[in-house]
Amino acid sequence: MSVATAETPSEPAKRRERGGRNARREQRSHGPEAHGRPYITRNIPTYDILSEDNLVRIEATADRILAEIGIEFRDDPVALDHWKRAGAKVEGVLVKFEPGLLREVLKTAPATFTQHARNPERSVEIGGKSVVFSPAYGSPFVMDLDKGRRYGTIEDFRNFVKLAQSSPWLHHSGGTICEPVDVPVNKRHLDMVYSHIRYSDRAFMGSVTSEGRAEESIDMARIVFGDQFADQNCVILGNVNVNSPLVWDATMTTALRAYARANQAAVIVPFILGGAMGPVTNAGAIAQSLAETMAGCALTQLERPGAPVIFGNFLSSMSLRSGSPTFGTPEPAIGSMVIGQLARRLNLPLRCSGNFTTSKLPDAHAMNEGTMSMLAAVHCGANFILHSAGFLDGLLSMSYEKFVMDADFCGALHTYLDGVKIDDNQLALGAFKEVGPGNHFFGCAHTMQNYETAFWDSAIADNEPYEKWQAAGSVDAATRANGRWKTMLAEYQAPPLDEGIDEALQDFMTRRKASMEDAWY
């Protein structure tokens, strides 16, 4: 089947692009592309904080965890058979690995790969120097300043897909942006995958809550891209989590094997809360993370050598006084730097960190913690950054306001990751000659030639003088974000989708839904 292409702008859209402050900001922000870059190419170095000796010590500790303690693979006999054939020691559901075994298996995993979008101009490169921002994932609740906190619905889900599609600063449509609890549990994955395909033309993620749902997600991607293309190319991702500490359950292993079997990428992610699912010490948690993630990544290669896989990480801390998880704290942030070094030593693409916070509101608390964790992701060398926008309330809530605030910050990170360009225009010697000592550059020729692209321009920040801001109502950032997301939804235009593909998707969904009774748990 044909792959749908980007929409030709309507005449009203063209007029909007030609005039107005917002249009000029759009042009200054991301140049001639209609919807921003498909992904970022990093132009600053990673921040490598540990010496070779200390990295070797962490790797040796992970090897001892794997060899002496082992990892359980529960209720998945196929996975156990894979490990037996690979040479691991299998004792019931406990698997132990000799040092070097997993690294040898992982040699078939690609260092970089392309996840294709149905609009080829929005396909993303994952690995190497590429950076891809994707929305937050998995919240059962949504919130906004108008209606407060409530359970997510399929309408909310579609709204967030539309917001991600509308932002020039996000590159990926994401996955379970929020849980649509008004749709039966056993059927909602169909509606979620369809929403990503229908309301976005970016790359997207599928379900991992059972092997069958993973396979149905992949089947829907095949309808879009065609069986042959999908078999040879990555067209969908699945994000799977370890049951830390040191347990892989069948729900996750059968899902990750389904993605690998279809030559689609699994994102392998431990979920370690220091003091609960891992030790309170950073080095110990990092060693545990390395052991758990290597095992999951290697299992994809045993299922299908050469299948794309992403080395994932989710270190977090907790309040040892209350037992509550904490997010956006400094220990996991600096731990991400080490995870980045370890992933590069394995030559695997990296998913790390995100816009984490335990704040219950899109406030200074939220942005402080989110900035901490996003900068960690940027500096550790993450290639795929899930949870880039919307994360609130310890991931329990997806916030409309924080979504656009976070996306705005992602815009700033585009410029940050570009680094400093050096050429004759940038060095501006001619401007110094024109202006001379003691004069200003505001109206000189160089400024006029560069003013539209010189600085990144926030869509949320208020840069007016205090008196003008006060006269306009003293509006804070969250309130401005509230108006921003409403404007984005009002101006949203769906990308075109081939009618034949749409009909085939809807027919597939109708048949699958009719084949089972509704299940709500």
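Every value quoted in this text rests on a predicted model; they were computed, and no experiment measured them.
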*Evaluate the side-chain proximity of Met220 to Met509: yes if any heavy-atom separation is below 4.5 Å, no if none is.*
yes
*Do His414 and His171 have ring centroids that are under 6.0 Å from one another?*
yes
*Does one side chain, of His446 or Glu434, offer a donor that lies under 3.5 Å from an acceptor on the other?*
no
*Name the orientation class of the two ring planes belonging to Tyr492 and Tyr199 (parallel below 30°, tilted from 30 to 60°, perpendicular beyond 60°).*
tilted
*Do Asp191 and Arg198 meet the salt-bridge criterion of a basic N to acidic O distance under 4.0 Å?*
no
*Decide if the gap between the ring center of His116 and the ring center of Phe229 is smaller than 6.0 angstrom.*
yes
*Are a donor atom and an acceptor atom from the side chains of His379 and Tyr416 found within less than 3.5 Å of each other?*
yes
_Is it the case that the ring center of Tyr39 lies less than 6.0 angstrom away from the ring center of His172?_
no
*Give a yes or no on whether the backbone of Ala164 and the side-chain of Ser167 come within a donor-acceptor separation of less than 3.5 Å.*
no
*asked:* Between Ser388 and Asn355 (side chain of the first, backbone of the second, donor and acceptor by atom type, cut-off under 3.5 Å), is there such a pair?
replied: no
*Side chains of Asn313 and Ser336 in contact at under 4.5 Å (non-hydrogen atoms)*: yes
*Considering only NZ, NE, NH1 and NH2 on the basic side and carboxylate oxygens on the acidic side, decide whether Asp363 and Lys402 come within less than 4.0 Å.*
no
*Looking only at non-hydrogen atoms, find the nearest pair between Gln341 and Ile49 and report the distance.*
OE1-N, 3.1 Å
_Tell me if a side-chain donor or acceptor on Arg202 pairs with a main-chain N or O of Ser173 at a distance below 3.5 Å._
no
*Do Glu331 and Asn282 meet the criterion of a side-chain donor-acceptor pair at a distance under 3.5 Å?*
no
*Look at the side chain of Ser139 and the backbone N and O of Leu395, then say whether any donor-acceptor pair between them is shorter than 3.5 Å.*
yes
*Write down the atom of Ile501, the atom of Val224, and the distance for their closest heavy-atom approach.*
CD1-O, 3.7 Å
*Pair Ser397, Ser399: side-chain N/O donor-acceptor within cut-off below 3.5 Å*: no
*What's the spacing between Thr329 OG1 and Leu315 CG if we round to 0.5 Å?*
9.5 Å
*Check whether the ring centres of Phe441 and Phe432 lie less than 6.0 Å apart, and answer yes or no.*
yes
*Tell me, yes or no, whether the heavy-atom count around Glu155 atom CD, taken from other residues, nucleotides or ligands under 6.0 Å, exceeds 12.*
no
_Derivation of the salt bridge (Lys or Arg N to Asp or Glu O under 4.0 Å) call for Asp156 and Arg158_ = CA-CA 5 Å; Asp156 290 308; Arg158 292 167 183 155; over 6 Å; no
*So, Arg480 and Asp408, do they make that salt bridge, N to O below 4.0 Å?*
no
*List the steps and the verdict of salt bridge (Lys or Arg N to Asp or Glu O under 4.0 Å) for Arg188 and Asp182.*
CA-CA 9 Å; Arg188 66 180 60 157; Asp182 55 339; over 6 Å; no
*Verify the distance criterion only: is there a donor paired with an acceptor across the side chains of Asp144 and Asn482 at less than 3.5 Å?*
no
*Heavy-atom check, side chain of Lys360 versus side chain of Leu392, under 4.5 Å*: no
_Does either side chain, that of Asn383 or that of Ser130, offer a donor lying less than 3.5 Å from an acceptor on the other one?_
no
*Asp393 bridged to Arg149 by N-O distance under 4.0 Å*: yes
_Tyr400/Phe160 aromatic ring centres below 6.0 Å_ = yes
*So which heavy atom on Gly152 is nearest to which on Cys178, and how close?*
CA-SG, 4.5 Å
*Using the salt bridge (Lys or Arg N to Asp or Glu O under 4.0 Å) rule, take Asp201 and Arg118 through it: C-alpha gap first, then chi angles, then the decisive distance, then the call.*
CA-CA 6 Å; Asp201 60 2; Arg118 68 179 182 87; 5.7 Å; no
_Using the ring centroid of each side chain, check whether Phe356 and His387 are separated by less than 6.0 Å._
yes
*asked:* Ring centroids only, cut at 6.0 angstrom: are Phe403 and Phe391 within range, meaning strictly under it?
replied: no
*Ser319 and Ser324 side chains, donor-acceptor separation under 3.5 Å*: no
*Considering all heavy atoms of both residues, which atom of Pro349 and which atom of Gly127 are nearest to each other, and what is their separation?*
CB-CA, 4.0 Å
_Distance, nearest 0.5 Å, that separates SG of Cys410 from CG of Leu417_ = 10.0 Å
*asked:* Between Ser359 and Leu361 (side chain of the first, backbone of the second, donor and acceptor by atom type, cut-off under 3.5 Å), is there such a pair?
replied: yes
_Enclosure of Tyr151 OH (heavy-atom neighbours >12, cutoff 6.0 Å)_ = no
*Can you see which heavy atom on Tyr259 is nearest to which on Ala214, and at what distance?*
CE1-CB, 3.6 Å
_Salt bridge or not between Arg344 and Asp48? Use side-chain N to carboxylate O under 4.0 Å._
yes
*Using a 4.5 Å cut-off on heavy atoms from C-beta on, say whether the side chain of Leu350 contacts that of Ile339.*
yes
*Scan side-chain atoms only and decide if Asn239 and Arg351 contain a donor-acceptor pair under the 3.5 Å cut-off.*
yes
